[in-house]
Protein chains: 2
Amino acid sequence: MTVIAPPQGLTIAEASERTGLTTHTLRYYERDGLMLRGVGRTSSGHRVYTERDLTWVRMLTRLRATGMPIREVKAYAALCRQGDGNETERLALLQNHRARVLAQLAEVTEHLGAIDNKIGIYQSTLERTES
Amino acid sequence: MTVIAPPQGLTIAEASERTGLTTHTLRYYERDGLMLRGVGRTSSGHRVYTERDLTWVRMLTRLRATGMPIREVKAYAALCRQGDGNETERLALLQNHRARVLAQLAEVTEHLGAIDNKIGIYQSTLERTES
DNA sequence: CTGACGCTTCGAGCGCACTCGAAGTCAAGC
DNA sequence: GCTTGACTTCGAGTGCGCTCGAAGCGTCAG
């Protein structure tokens, strides 16, 4: 049907393409209350994504990609939805997350070091055996 | 009952304490074929963990903590179980994992940078508003 | 001898984050 | 006016990694 993208709006398929999320996931995020506000609709009920929506989805993606659980993303979305006045809470939430991510990065890096040692051992074993 | 730890062996409770895994998880790992070989038993059927078992569990933990899926840990265990001669495969598996972990670290770090920017924005918003 | 405890096995259940399928609607092209 | 196909909603299903509970047994303290 080649839905004509309404002025300044994108279809869910286009939004999917630009965000790298599936249409299923985009609908799921909206259903689950992760969007700032419900995505707009055409007269026939099709979703219309604006650039603001995509910007928000990209933020979501960053939070998710750094391991923030959906319920917490939802909490952050709720704060943003409320409007001005709760910046302190938003900041605290993000700083909390940041601290957890840093701890996680440190832990993974440490474990990776040990795995690297193991890799080194196999490499020297193979060198001694080779030819 | 205070099971007397058999000479050079640890009960599952002790193994749990030293590895930080629950007894449930330790049994699950054994059931699922992640251990190098089945853990030994006392005459009454209780598990006896050796230091070698614990060393292996610690390696498991590192692989898991860096995001290796259980099925791949299982593959690695199977290679080790086979004995000498497949060091090349083991090395390849670990190097593959290492590459994925590095990519993951880079991605998370990049996303974290963007989140840090957001944090910075909230901080300056609050500074301007404060007092 | 009795009770409590800590282990045993087995299988079911859970939380998370999607992922998918079915059935229906609507606009456009032929 | 009929077909096509991208969309809609709803609810169920999937994969992962545990996590838990029930039922039973062996050993030790009292």
Side-chain angles (χ1 to χ4, degrees), chain A residues 1-7 9-35 38-49 53 57 60-77 97 100 104 111, chain B residues 1-6 9-35 38-49 53 57 60-77 97 100 104 108 111:
Chain A
M1 119 208 205
T2 311
V3 165
I4 284 131
L10 303 163
T11 64
I12 193 170
E14 290 164 335
S16 161
E17 205 177 322
R18 301 206 189 180
T19 60
L21 300 175
T22 67
T23 57
H24 280 302
T25 303
L26 285 170
R27 289 193 204 98
Y28 164 65
Y29 280 179
E30 186 181 350
R31 240 194 290 172
D32 224 42
L34 271 70
M35 297 303 288
V39 175
R41 303 296 157 118
T42 62
S43 55
S44 56
H46 289 194
R47 286 171 178 79
V48 182
Y49 286 83
D53 290 327
V57 170
L60 285 194
T61 301
R62 291 192 188 286
L63 294 175
R64 292 288 306 119
T66 49
M68 184 183 284
I70 291 225
R71 87 185 89 76
E72 199 167 339
V73 177
K74 217 173 340 190
Y76 180 65
H97 179 58
R100 284 195 309 262
Q104 173 70 8
H111 285 312
Chain B
M1 128 210 203
T2 313
V3 165
I4 284 132
L10 303 163
T11 65
I12 194 168
E14 289 163 335
S16 161
E17 204 178 321
R18 299 205 189 182
T19 60
L21 301 174
T22 67
T23 57
H24 281 301
T25 302
L26 285 171
R27 288 192 206 99
Y28 164 65
Y29 280 179
E30 186 182 350
R31 241 194 291 171
D32 223 41
L34 271 70
M35 297 302 289
V39 176
R41 304 296 157 116
T42 63
S43 54
S44 55
H46 290 193
R47 286 172 178 79
V48 182
Y49 286 83
D53 291 327
V57 170
L60 285 194
T61 300
R62 291 192 188 284
L63 294 175
R64 292 289 305 119
T66 50
M68 184 183 285
I70 290 222
R71 87 183 90 74
E72 199 166 340
V73 177
K74 218 174 336 192
Y76 180 64
H97 178 57
R100 284 195 309 263
Q104 173 70 8
V108 169
H111 287 310

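We name chains A, B, ... by the order of the sequence lines, and we start the count at 1 in each one.
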At what distance, to the nearest 0.5 angstrom, does NE2 of A/H24 lie from CZ of A/R31?
-> 9.5 Å
Against the side chain of A/I12, the closest entry in D/dT8, C/dA17, D/dC18 is D/dT8
Side chain of A/R71 (C-beta onward), nearest among C/dC16, C/dC18, C/dT8 = C/dC16
Rounded to the nearest Å, what distance is computed from the NE2 atom of residue B/H46 to the P atom of nucleotide C/dG6?
-> 11 Å
Nearest-Å distance for atom pair NZ/C1', residues B/K74 and D/dC16 = 11 Å
From CZ of B/R31 across to P of C/dG11 the rounded distance in Å is 10 Å
Start with the C-alpha gap between A/Y29 and A/T19, add the side-chain angles, then the distance that decides, and say whether side chain to side chain contact (heavy atoms under 4.5 Å, CB included) holds.
-> CA-CA 13 Å; A/Y29 280 179; A/T19 60; over 6 Å; no
CD of B/E14 versus P of C/dG6: gap in Å, rounded?
-> 12 Å
Whole-Å distance between C/dG11 P and B/D32 CG?
-> 14 Å
Spacing between A/R41 atom CZ and D/dA6 atom C1', to the nearest angstrom = 15 Å
Would you mind telling me which residue lines up with the more 5' stretch of DNA chain D, A/S44 or B/M68, judged by nearest nucleotide?
-> A/S44
Rounded to the Å, how far apart are B/L34 CG and D/dC18 C1'?
-> 12 Å
Take the protein atom CD of A/E17 and the nucleotide atom C1' of D/dA6, then report the distance between them rounded to whole Å.
-> 14 Å
Side chain to side chain, A/R64 and A/I70, heavy atoms closer than 4.5 Å | yes
Step by step, would you call A/T11 with A/H46 a side chain to side chain contact (heavy atoms under 4.5 Å, CB included)?
-> CA-CA 8 Å; A/T11 64; A/H46 289 194; over 6 Å; no
Within the structure, does a side-chain N or O atom of B/R47 lie under 4.0 Å from either OP1 or OP2 of C/dT9?
-> yes
Kindly give the heavy-atom pair with the smallest separation between B/V108 and A/T66, and that separation in Å.
-> O-CG2, 3.8 Å
Got a sec? Which of residues 18-30 of chain B come in under 4.0 Å of DNA chain D, heavy atoms?
-> B/H24, B/T25, B/Y28, B/Y29
For the atom pair CG (A/L63) and NE2 (A/H97), what is the distance rounded to the nearest 0.5 Å?
-> 5.5 Å
Given A/L60 and A/M35, is the side chain to side chain contact (heavy atoms under 4.5 Å, CB included) satisfied, shown in steps?
-> CA-CA 9 Å; A/L60 285 194; A/M35 297 303 288; 4.3 Å; yes
